[in-house]
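Written below as structure tokens is the structure these notes are about.
Residue numbers start from 1 in every chain, and the chains themselves are labelled A, B, ... in the order their sequence lines are given, proteins ahead of strands.
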Protein chains: 4
Amino acid sequence: MPRVSAAYLAERRAHILEAAARCFAREGFHRATLQHIVREAGLSPGAIYRYFSSKEDIVAAIASERHAAERVLLRGTATERGALPGVAELARAFLGRLGRPAEREWRRVTVQLWSEALRSPRVMEVVRSGLDEPLRLVAARLRAGQRDGTIARDVDATATARVAAAVFEGLVLQQAWEPGLDVERFVRAAVRLLEGLAPAGRRRASARKRQARGAQE
Amino acid sequence: MPRVSAAYLAERRAHILEAAARCFAREGFHRATLQHIVREAGLSPGAIYRYFSSKEDIVAAIASERHAAERVLLRGTATERGALPGVAELARAFLGRLGRPAEREWRRVTVQLWSEALRSPRVMEVVRSGLDEPLRLVAARLRAGQRDGTIARDVDATATARVAAAVFEGLVLQQAWEPGLDVERFVRAAVRLLEGLAPAGRRRASARKRQARGAQE
Amino acid sequence: MPRVSAAYLAERRAHILEAAARCFAREGFHRATLQHIVREAGLSPGAIYRYFSSKEDIVAAIASERHAAERVLLRGTATERGALPGVAELARAFLGRLGRPAEREWRRVTVQLWSEALRSPRVMEVVRSGLDEPLRLVAARLRAGQRDGTIARDVDATATARVAAAVFEGLVLQQAWEPGLDVERFVRAAVRLLEGLAPAGRRRASARKRQARGAQE
Amino acid sequence: MPRVSAAYLAERRAHILEAAARCFAREGFHRATLQHIVREAGLSPGAIYRYFSSKEDIVAAIASERHAAERVLLRGTATERGALPGVAELARAFLGRLGRPAEREWRRVTVQLWSEALRSPRVMEVVRSGLDEPLRLVAARLRAGQRDGTIARDVDATATARVAAAVFEGLVLQQAWEPGLDVERFVRAAVRLLEGLAPAGRRRASARKRQARGAQE
DNA sequence: AATGAATGAGCTTTCATTCAT
DNA sequence: TATGAATGAAAGCTCATTCAT
């Protein structure tokens, strides 16, 4: 099948990546053998190696794809609204997406990428650069909120952004372990925490509204 | 009628686990071979198999040890103080401990256990039961705070406990990736978030104290 | 009804063989992959297989080409002069040619063909028929020398021809290992040995001439 | 089978080497797979890798063993006799040994080592150091002969030693190709050539003796 | 209780060859 | 004719595990 289009090649590559991701989600990077991927992709070993130079290359490519998808998601969130709602929207975008059953596979792969990053500089680079941009963005929004008075001045924007990222990571993890987790509820609790960053005086109104609903469970 | 004392056996077992943990931290569960562990422990393969039935058994044992250590830590935190300070103390105990360089190895192993849990029911069981107890404890303290008025009624204690656990997990992860991370600052930001859970009226005083210091960075 | 001329085909074939020989000289028959040859020739795998039915076919073709070239060289040496000078000329023709840097590649390929012949009847046939003709020719010249009195009667022409061939082979080998080898000097020493085949009485004159120069090193 | 003697280990190693040599002689280094060697040795792949770190390591070890054996052979030849007989003895020792059917396998392996040396620095080193010592020894004996008058002054000892080595190499090759070769006759012809190095005057007597037998074939 | 040589299934990767285009 | 993506058998090698000593 010679002289095929670039689109065909890209599609083939994506096809392999998807097959590999399914295998990795199911069995882990190390248990999933190339034979599994070969079978899942319906190809031959040689075909795989035409698109990727090694198994690790596939892992790194998956990390990259994931990273790219998150970057798109990140940039898609509006910046127009107030700082606190902006961050909350970000949280909903990221966390909410994870709740979708279709993402189940990705959550499992993501957790593995975290651990793989500890061994593979290539994966580490992808994973860390995937963390840095959200960190900067959230910190910037928090600082904007401090300037326009919607966020208390005593908040450490940089460190709080890290905490927010940690919440996201922890959710990915807990959901990977417990697919039935109630993400909506988790997200609401996270957003409630964020609202505690508002200056003391400004919290009254929203607090009262919420009080009406009452605590759950 | 054992030829050697139980203490000797326990010591041997612990010795192997420590050697294995060093190997796992250094190379990951899958890259670390039994030969590496054998070398690190200064023993023979046969000796290892006298104490553990398989490599996975070693991994599970490490997870258990970790779990037991955390349980001790958890139970060591006082319940006497008010709810919010109690949770904050818990946060400091767990998060602060992670900052110690000596724990660096453990952080790396922990992240790997998370991903290993996805494949191994045994590890999963240990890891999840290690999460459940803190979850219950934190939720209970939050509810106690709601009863005594130090925590707002609109807070979802159960979900917030999960968010708190997520913050802990995210910190473990970020520190594993970036050993130089400023944990103190991270912990302060996390505690600040928790304080936002206080009822609107009660926050004025502490907020003003903090305002004096100003935000960092 | 060929679409392209026979000359074009032959040229293509030769082009591939040259590319293959360069690869073989550089990496050996077994390390050199068809992909290497494809790249070196600037063609596609399919194109190669249009001219050769297998990798081994290329090897055999290279051996044949080499053989043909040597046959030409062999027939080009004059038979007119006396027997001993005739053999010496042959030696000079063969050995001297090897000294040329351009032949370096061929020496490496030749040594590999020798070893390949042990496994491949096709290569063996080519290699041995390439040895037989020189063997017969040299033996014939030695016998002619015995008839005209320039070579001692006690010389075993057939066996001596083999020894002469061995000298040639050994030189190819030593030069393949050590490209800087002083071939001229080697050839002189070999010719000097041949002169020892002259009947005792006839050696005086040439011996004295040489004595003047003295031994080297 | 733990804690075995060093002798057992050495024997095991030798056993593997012999099995490998048989495979290599039969199929060549590249065609002979580890599985072949495993089967021939009656062991498992893992067992082989306990003694050798790679297939190439086995090849190099075989070259070394061969080299060591030749060194012993070389040193075993007397130096007491005159120079020319000394060299002739050397020739007989080396060449004669090759004629033995038991050495057939070794000849085939040797030819392959020559070609392997072109690709493997390790093998090259072994092969070349195996050539250097005989070269020096033969050259020294030739020079001794020149000093005591048994070898003509016009002989280039160094280059002639190389020619002698070439004769040896050529014989190995020709015999590998043609196991039925009459080595005795080849050796006699080679020795006859060496005798031509005697000063002109001294050759009369031996020449006449030989004349009686006459040329063969 | 401890040793460590041995096992062997199974890993990732290669590469001569094919054939739809 | 030529292309080059695809094949798939088989390569070298690893390593968790066993068991005779």
For this session: Give a yes/no on whether any side-chain N or O of B:Arg12 is located under 4.0 angstrom from OP1 or OP2 of E:dA2.
Result: yes
Problem set entry | Length of the line joining D:Arg39:CZ and E:dG8:C1', which is rounded to integer Å | 14 Å
Problem set entry | Given C:Phe24, C:Phe29, C:Tyr51, the one that forms side-chain contact (heavy atoms from CB on, under 4.5 Å) with C:Ile58 | C:Phe24
Problem set entry | Salt bridge present between C:Glu116 and C:Arg119 (N-O < 4.0 angstrom) | yes
Exercise. Should D:Arg50 be listed as having a side-chain N or O under 4.0 Å from OP1 or OP2 of E:dA6?
Worked result: no
Problem set entry | Spacing of D:Tyr49 atom OH relative to E:dA9 atom C1', expressed in whole Å | 15 Å
Exercise. Given E:dA5, E:dT3, F:dT3, which nucleotide is nearest the side-chain atoms of C:Leu43?
Worked result: F:dT3
Exercise. Of the nucleotides E:dT12, F:dA5, F:dG12, which one has an atom closest to the side chain of A:Gln35?
Worked result: E:dT12
Seminar exercise, completed: Side-chain atoms of D:Lys55 come closest, of F:dT7, F:dG12, E:dA6, to F:dG12
Exercise. How close or far is atom P of F:dT18 from atom CD1 of B:Ile48, stated in whole angstroms?
Worked result: 14 Å
For this session: Specify the closest pair of heavy atoms between C:Asp57 and C:Ser53, including all atoms of both residues, with the distance to one decimal.
Result: OD2-N, 3.0 Å
Exercise. Is the shortest side-chain N/O distance from A:Tyr8 to OP1 or OP2 of F:dA6 below 4.0 Å?
Worked result: yes
For this session: Give me the ring orientation class for B:Trp177 and A:Trp114: parallel if the planes are under 30° apart, tilted from 30 to 60°, perpendicular past 60°.
Result: perpendicular
For this session: Report the nucleotide, chosen from F:dT3, E:dC11, E:dT14, that has the shortest atom-to-atom distance to any side-chain atom of A:Pro45.
Result: E:dT14
For this session: Mind calculating the distance between CG (A:Leu34) and P (F:dA6) to the nearest angstrom?
Result: 16 Å
Problem set entry | Presence of A:Tyr51 side-chain N/O under 4.0 Å of F:dA6 phosphate oxygens OP1/OP2 | yes
Exercise. Under 4.0 Å between a side-chain N/O of A:Ser44 and OP1 or OP2 of F:dG8, yes or no?
Worked result: no
Exercise. A:His36 NE2 to E:dC11 P: how many Å, rounded?
Worked result: 6 Å
Problem set entry | Phosphate OP1/OP2 of E:dC11: any A:Arg31 side-chain N/O under 4.0 Å | no
For this session: Inspect the surroundings of CD in B:Glu11 and state if more than 12 heavy atoms from other residues, nucleotides or ligands are less than 6.0 Å away.
Result: no
For this session: Assign each of A:Leu9 and B:Ser53 to its nearest nucleotide of DNA chain F by heavy atoms, then name whichever residue's nucleotide is nearer the 5' end.
Result: A:Leu9
Exercise. Rounded to the nearest Å, what distance is computed from the NE2 atom of residue D:His30 to the P atom of nucleotide F:dA10?
Worked result: 19 Å
